[in-house]
Amino acid sequence: MPGKNIENRVELRNISKAFGGVAALKDVTLKAAPGEIHALMGENGAGKSTLMKILSGALQKDGGEIFIDDEKVNIKNTYDSKELGIGIIYQEFSLVPDLTVAENVFFNQLSKGSRWMKWDKLKREAATIINNIGFDINTGVRVSSLSIAQQQIVEIAKALSEKVKVLILDEPSAVLGPTEVQKLFETLHTLKSEGVTIIYISHHLSEIFKIADRVTVLKDGISTQRLLVAETDKETIIKLMLGRSLNAMFPPRNAVVGGEVIRVEDIYVSGKVKGVSLRVRSGEVIGIAGLVGSGRTETVRGIFAADKLSGGKVFVSGKKVNFRSPADAVKQGIGMVPEDRKRQGVLLPLSIKHNVTLANFRGITGKLGFVRFGEENKKSRELIKKLAIKAVNENAPVGSLSGGNQQKVVLAKWFNRDCKVIIIDEPTRGVDVGAKIEIYNLINELAAKGAAVIVISSETAELMGICDWILVMREGKVQGTLEKDEFNEENILRYAIGAS
Amino acid sequence: MNSPIKKILQFTIQHNTGVIFLVMLIVSAFASDAFFTANNLSNLIRQVAPVGIISMGMLLVILTGGIDLSVGSVVALVGVLCALFTQTLALPVAVAASLVCGILAGSISGYLVSVQKMAPFIATLALMTIARGLGFIFSKGAPVMVDESATALTDFGSGSLLGIPNPAIILLFTFVVTWVLLKYNIYGRILIAIGSNEEAVRLSGVRIWMYKFSVYAVIGGLAAIAGLIGTARTGVGSPNLGVGLELDVIAAVVIGGTNLKGGKGSAVDTFLGVLILGMIGNIMNLMDVASYAQQVIKGLIIILAVLLQRFEGK
């Protein structure tokens with residue numbers, strides 16, 4: 001409305017929410033002006049996602065008030081929030097895997113208008129939206145055939161297909177590589193200039209400083225005052241998030257590097273990996289960097305026999321091995337923490353103890369496979385304690401835990417089995433700062449015990465912080481190998497995008 | 001907040017199969033004087049035995065996220081084969097051979113599903129028509145008489161132990177073994193894990209195919225036992241036996257609250273599901289409800305049971 005001066009596009013006032021007696025949000029206030037990029041930060045379990053679900057109508061608040069454009073609103077369901085112009089991109093994808101990209105982009109509008117599908121128009125318009133945000137995806141293919149990063153882009157396109165005044169992004173960069181993140185930021189800047197208010201949830205501090213105007217930090221369900229990003233620094237935000245200062249993100253490691261544990265020679269995986277060789281010694285942590293689609297994940301999945309190798313050799317402790325399934329690899333002492341925690345790592349409805357014992361039944365079963373419940377409980381409790389998993393007890397379903405604790409459950413599975421080689425694909429995706437440091441400590445501990453560790457990460461800083469050397473992949477090949485003294489973001493990026 | 005009504009409601013939702021069972025029991029007792037007689041109860045449990053025995057196997061299959069449509073046909077095929085075998089083989093050999101045939105039939109489904117990665121619905125649908133067809137071929141389309149010398153078989157079929165009919169004893173035994181496997185054994189644990197997230201279990205180094213294969217072999221064996229019981233009770237192996245039996249079995253498992261997508265289910269509730277399904281038929285027979293109406297009521301009760309389960313976990 002011309003003339004009307006809107007102070008706050010979004011204002012959440014004293015919001016509270018409890019789940020079955022446990023308070024997730026106690027007293028949260030958040031304000032964001034039109035055309036503001038507002039970062040929402042906090043550890044996992046701090047209540048960020050809950051807060052955003054309340055704003056988008058997916059959850060109902062217990063107390064507090066919501067104002068949109070300075071007017072009090074009552075959001076009873078997701079339809080109400082859509083009517084108010086609130087768009088949300090969830091951490092968990094809301095795409096329909098068996099429908100095409102075009103159908104997914106316009107999913108919420110499919111039922112409106114003409115009874116007949118105008119395929120060409122649909123595909124063309126979807127392509128326009130995706131091109132506008134700087135990407136190129138065939139809009140006629142099914143979503144299930146896309147990579148996770150591409151799915152994230154479709155998700156963003158879907159939110160943009162409707163006119164939005166407020167766009168909420170819940171950890172959008174978690175699955176994107178550096179170049180994709182850059183493009184995402186450009187899109188967000190364009191939206192900002194059009195007056196869209198963006199609420200951006202992320203664990204990446206550096207991102208916040210790149211794009212956000214203001215930041216609100218949540219700690220244990222309570223919001224701290226909002227800060228101007230330009231007037232604050234990383235230390236301050238970390239302090240607010242953790243309630244304590246952070247000395248070092250990457251703890252030092254006291255591991256003795258020994259003999260070769262695993263050697264991979266010239267492996268190929270169905271068009272995605274084209275002749276990768278690597279070698280890891282005991283006590284060593286190596287990193288694999290590269291953009292999404294560079295063949296990093298496919299390489300380690302091939303080594304672990306999760307996918308079939310179409311060529312090349314793998315040696316464990318000097319002996320040639322021929323794994324036909326992950327079971328063979330596990331038997332030889334290899335463990336893998338997969339990329340997609342929810343789909344490949346944890347059994348969400350089952351308890352912690354059922355999850356952590358999954359890779360090794362030997363200790364917990366007696367004659368004829370009967371479970372020794374006493375041993376099982378004891379072992380699970382040990383692991384919960386050792387990895388500092390935050391849960392009521394070992395019987396808590398893994399689905400009730402935060403992302404960081406779920407990731408620890410997957411790690412615990414391999415701690416429960418002495419692995420010679422441990423492969424960790426995205427060790428801290430969707431994990432908060434506090435849990436990140438704990439995971440780095442656990443990786444150090446594995447190395448100190450003599451394991452050979454292979455880490456894949458989209459976070460360059462993480463690889464530089466924890467690895468002894470880094471391989472950079474592009475187009476299925478290792479483009480460069482960096483020693484510790486050659487580590488810097490530029491070097492890695494140069495190999496990753498091929499601009500030498 | 002915590003009024004008694006609310007508590008009762010919560011209990012009903014949490015133990016919905018048990019509550020439905022109790023309600024059915026009470027309704028049945030009031031509906032007909034003939035219900036709570038030793039004769040009727042023994043009849044009831046004898047009647048549900050084939051469905052009950054197979055339902056334990058079906059529970060295992062469904063826990064892994066699968067389904068087996070071939071069991072009715074396997075019952076008929078094994079019934080026919082057993083009758084034929086008695087004509088040429090010694091009885092123990094005939095019985096053992098029949099069992100092996102059932103396990104073999106299940107193993108074919110198991111191979112197609114676990115190794116060839118065929119959709120269970122399709123693989124067992126194919127096996128359903130194959131087994132039915134083989135039953136007709138071997139029997140030449142007519143019921144096959146059990147050899148007169150095999151009196152031990154027919155005696156067993158109509159016999160009882162301590163007043164419990166033999167088929168019911170086999171059912172109870174199958175139930176207890178399944179219950180123990182699911183509750184105390186790593187085998188059951190892994191089946192549930194597979195149904196809850198197969199890929200995560202595979203990436204934990206478990207040989208998925210062995211477990212998936214095994215459940216189909218087990219249900220094949222159980223279908224064979226049900227077929228043997230049928231032939232033992234009637235003295236003939238009929239190729240028409242067990243048409244639509246798989247649906248009764250699946251219905252019992254579903255009434256027992258088992259998630260058809262896998263990962264959740266209980267032997268006790270499945271057993272109760274079998275009894276509920278049996279009681280519906282039994283009480284309506286006692287009350288002289290026409291069989292067509294019986295089918296409608298049966299379907300309605302299945303819908304009711306599943307609707308109640310929806311509230312679980314909410």
Side-chain angles (χ1 to χ4, degrees), chain A residues 300-301 304-307 323-351 353-373 376 397-399 406 409-410 413-414 416-417 419 423 425, chain B residues 1-2 6 10 14 60 62-65 114-117 119 176-215 218 257-266 309 312-314:
Chain A
V300 292
R301 281 179 63 89
F304 190 62
D307 295 327
F323 300 148
R324 285 186 306 171
S325 69
D328 289 338
V330 171
K331 222 174 209 168
Q332 290 290 320
I334 301 182
M336 183 173 83
V337 176
E339 176 188 27
D340 188 336
R341 183 161 59 232
K342 289 206 169 107
R343 277 189 220 155
Q344 307 166 332
V346 286
L347 314 172
L348 289 171
L350 301 188
S351 65
K353 69 177 176 193
H354 288 189
N355 270 275
V356 296
T357 54
L358 199 58
N360 186 6
F361 302 123
R362 226 168 272 155
I364 61 153
T365 51
K367 274 182 195 143
L368 292 168
F370 282 93
V371 180
R372 287 149 70 189
F373 292 98
E376 186 189 30
V398 170
Q406 288 182 7
V409 168
V410 185
K413 187 162 74 182
W414 299 113
N416 187 31
R417 202 188 163 103
C419 292
I423 299 163
D425 198 348
Chain B
M1 282 298 278
N2 267 329
K6 199 168 179 185
Q10 266 175 357
Q14 255 168 27
L60 302 185
I62 291 178
L63 276 177
T64 67
S114 68
V115 180
Q116 294 299 331
K117 315 242 184 306
V176 170
V177 170
T178 311
W179 181 75
V180 168
L181 274 182
L182 288 179
K183 198 163 170 67
Y184 295 106
N185 200 283
I186 201 76
Y187 177 75
R189 171 82 58 90
I190 292 172
L191 297 186
I192 290 167
I194 289 173
S196 124
N197 187 346
E198 185 174 326
E199 182 64 1
V201 178
R202 184 176 83 98
L203 293 179
S204 299
V206 175
R207 288 185 203 280
I208 303 276
W209 76 267
M210 293 200 310
Y211 291 91
K212 288 178 91 170
F213 178 85
S214 74
V215 290
V218 166
T258 309
N259 185 340
L260 275 180
K261 289 192 195 117
K264 183 180 160 283
S266 118
Q309 287 158 16
E312 217 172 341
K314 272 192 185 170

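Chain identifiers are assigned alphabetically (A, B, ...) following the order of the sequence lines, protein sequences preceding nucleic acid strands; residue numbering begins at 1 within each chain.
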Less than 4.0 Å between a side-chain N and a carboxylate O, is that true for B:Glu199 and A:Arg341? no

Ignoring hydrogens and geometry, is there a side-chain-to-backbone donor-acceptor pair from B:Asn197 to A:Gly345 under 3.5 Å? no

Side chain / backbone / both / neither for [X] at chain B, heavy atoms under 4.5 Å:
X        : result
A:Asp328 : both
A:Glu376 : side chain
A:Val346 : backbone
A:Arg372 : neither
A:Ile334 : neither
A:Ala329 : neither

Decide yes or no on side-chain contact (heavy atoms from CB on, under 4.5 Å) for A:His354 and B:Arg189, but give the supporting numbers first. CA-CA 8 Å; A:His354 288 189; B:Arg189 171 82 58 90; 3.2 Å; yes

Is there side-chain contact between A:Leu350 and B:Ile192, with heavy atoms separated by less than 4.5 Å? yes

Listed once per pair and sorted, the salt bridge (charged side-chain N to carboxylate O under 4.0 Å, His left out) pairs that draw on residues 353-369 of chain A, sequence neighbours left out: none

Taking every non-hydrogen atom, the tightest pair across B:Arg202 and A:Ala305: NH1-O, 4.3 Å

Hey, could you give me the [atom1]/[atom2] distance between [X] and [Y], rounded to the nearest 0.5 Å?
X        : Y        : atom1 : atom2 : value
A:Thr357 : B:Ile186 : OG1   : CD1   : 6.0 Å
B:Ser204 : A:Asn416 : OG    : CG    : 11.0 Å
B:Glu198 : A:Arg343 : CD    : CZ    : 15.0 Å
A:Phe304 : B:Leu203 : CZ    : CG    : 6.0 Å

Turns out that what part of B:Leu181 lies under 4.5 Å from chain A's heavy atoms comes down to neither

Which of A:Arg417, A:Gln344, A:Lys331 touches chain B most, by non-hydrogen pairs under 4.5 Å: A:Gln344

Please enumerate all residues that pass side chain to side chain contact (heavy atoms under 4.5 Å, CB included) together with B:Val180, with sequence neighbours excluded. A:Phe370, B:Val176, B:Tyr184

